[in-house]
Amino acid sequence: MSEKTSRIPGFYKLDIKTRLEKVAEFAGLTEEEKSLLLKEGNLDLKTADIMIENVIGTMAYPFAVAANFLINGKDYLVPMVIEESSVVAAASNAAKVMRRDGGIKSKTTGPYMIGQIQVLGVKDPWYKRMLILDAKDEILAQANEQDPVLVKLGGGAKDVEARVVESPKGPMIIVHLIVDVKDAMGANAVNTMAEAVSPLIEKITGGKTLLRIISNLADKRLVRSWVKVYKEDIGGEEVVDGIVNAWAFAAADPYRAATHNKGIMNGVIAVALATAQDHRAIEAGAHAYAARTGRYLPLSTWEKDEDGNLVGSLEMPMAVGIIGGATKVHPIAKIALKILGVKTAQELAEVMGAVGLAQNFAALRALATEGIQKGHMKLHARNIAVMAGATGELVDKVAEIMIREGKIKFNYAKELVEKLSREGEADKSA
Ligand code: MEV
């Protein structure tokens with residue numbers, strides 16, 4: 001018997017079906033499993049094959065829409081793609097109690113991304129830093145030559161910053177190119193510019209440039225979202241106090257802050273996936289920003305105002321685009337943007353900040369009152385009921401019985417489906 005090997009020369013050059021055959025042989029995939037991978041849904045194989053390398057199929061996720069969102073006085077239906085139950089329901093419920101006074105407010109600082117250029121081997125870095133800053137206009141002009149379209153739209157490289165950073169390998173100059181990327185996520189434009197200006201930086205400093213890449217700590221591209229939730233809409237001041245105490249826990253303890261921020265990201269990333277954003281960039285930016293003081297902190301705050309109402313705010317980097325990248329290639333991402341109706345990347349960032357804040361509120365409210373499991377159980381029970389063959393009204397009936405009896409089990413669900421279906425048939429014929 002031949003040894004299994006993952007070394008397949010030229011794998012990337014094969015067509016999808018041949019690649020799949022190789023994988024099937026390696027992993028013992030059945031005919032059914034192979035055809036499931038190849039089954040074309042709303043992302044055709046041809047498009048998938050140009051999006052990434054070594055494609056052997058596609059994978060579908062649930063695409064849902066959160067209702068009730070009123071942001072900056074405008075109504076939005078928010079597309080969300082996520083594998084976790086309860087998230088969409090929680091977002092919709094939270095948004096419902098956030099509709100007063102024009103809803104959630106959300107603003108961005110502007111679509112400024114940072115390109116980093118690392119300069120090594122400079123003996124007098126502080127002096128050379130001055131020379132870099134002095135050559136700002138020349139550096140910007142050279143950067144902007146790379147992207148006349150962006151410049152024509154009013155974007156492009158706008159500023160140059162330079163720091164001397166102490167590293168384990170000694171001091172290095174780190175140059176920041178600040179680029180207004182307009183409606184793009186910006187990685188391509190920024191990386192191209194950073195690479196293009198590096199010979200000039202080398203000439204100015206006499207040093208050697210090494211890395212030339214965007215920073216995902218996009219702290220010049222922040223979204224700020226805030227909301228007032230009236231105490232009477234959420235069960236009174238006791239609930240308000242509970243949510244504030246839950247936030248204080250996160251503010252005091254990084255173990256809790258990580259989970260608190262995970263709740264925010266449940267909303268943010270679900271929208272990012274639906275609109276085909278670089279969600280890893282958003283995650284990286286969020287957590288780096290949360291730790292910017294040297295301590296990992298919650299991205300949101302929750303306080304009680306002078307009238308006893310709950311007021312919340314969120315501030316985080318939000319590097320998203322509506323042109324370029326997968327947003328324009330994935331057919332469903334295009335539809336997601338149409339459902340959202342956003343006109344600019346800034347507007348998309350505003351929606352995502354608002355969703356993150358609402359999602360965070362929903363989690364804290366549940367945690368500070370009935371706990372998170374009750375809602376989860378309901379959905380879990382419904383899922384089990386569906387898996388056991390329940391359809392239509394039977395889904396809720398079977399789920400309800402299982403929850404009431406504390407027996408959320410597949411076999412029991414099957415028993416119930418059979419029993420209730422039989423009774424239903426009997427009723428019909430009676
Ligand atoms: C679960 O996906 C998210 C929560 O853990 C967030 C939180 O604890 O705040 C509920």
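Note that ligands are numbered from 1 as they come in the structure, with each ligand's atoms numbered from 1 the same way.
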Check the side chains of Tyr230 and Asp101 for a donor-acceptor pair under 3.5 angstrom, ignoring hydrogens and angles. yes

Measure Asn360 to ligand 1 on non-hydrogen atoms and call it side chain, backbone, both or neither using the 4.0 Å cut-off. neither

Based purely on interatomic distance, does Lys262 place a nitrogen or oxygen under 3.5 Å from a nitrogen or oxygen of ligand 1? yes

Do the side chain of Asn309 and the main chain of Lys231 share a donor and acceptor less than 3.5 angstrom apart? yes

Heavy-atom nearest neighbour in the protein, as seen from atom 8 (O) of ligand 1, with distance rounded to 0.1 Å: Arg256 NH1, 2.8 Å

Atom 1 (C) of ligand 1 has as its nearest protein heavy atom Glu84 OE2, 3.5 Å

Determine whether any protein heavy atom is located less than 4.0 Å from atom 3 (C) of ligand 1. yes

Note: ligand 1 atoms sitting under 4.0 Å from heavy atoms of Gly263 are 6 (C)

For Ile214, is there any backbone N or O sitting under 3.5 Å from a side-chain donor or acceptor partner on Asn191? yes

Ranked by distance from atom 10 (C) of ligand 1, the top protein heavy atom is Ile372 CD1, 3.7 Å

Per-atom contacts, ligand 1 versus Thr259 - under 4.0 Å to a heavy atom: 5 (O), 6 (C), 7 (C), 8 (O), 9 (O)

Contact between Ile408 and His380 at the side-chain level, heavy atoms closer than 4.5 Å - yes or no? yes

Does either side chain, that of Tyr112 or that of Asp159, offer a donor lying less than 3.5 Å from an acceptor on the other one? no

Verify the neighbour count for atom CD of Glu370: are there more than 12 heavy atoms of other residues, nucleotides or ligands below 6.0 Å? yes

Is a side-chain donor-acceptor pair under 3.5 Å present for His279 with Glu283? no

Relative to ligand 1, is Gln359 under 4.0 angstrom through side chain, backbone, both or neither, heavy atoms considered? neither

Classify the contact between Leu367 and ligand 1 as side chain, backbone, both or neither, using a heavy-atom distance cut-off of under 4.0 Å. side chain

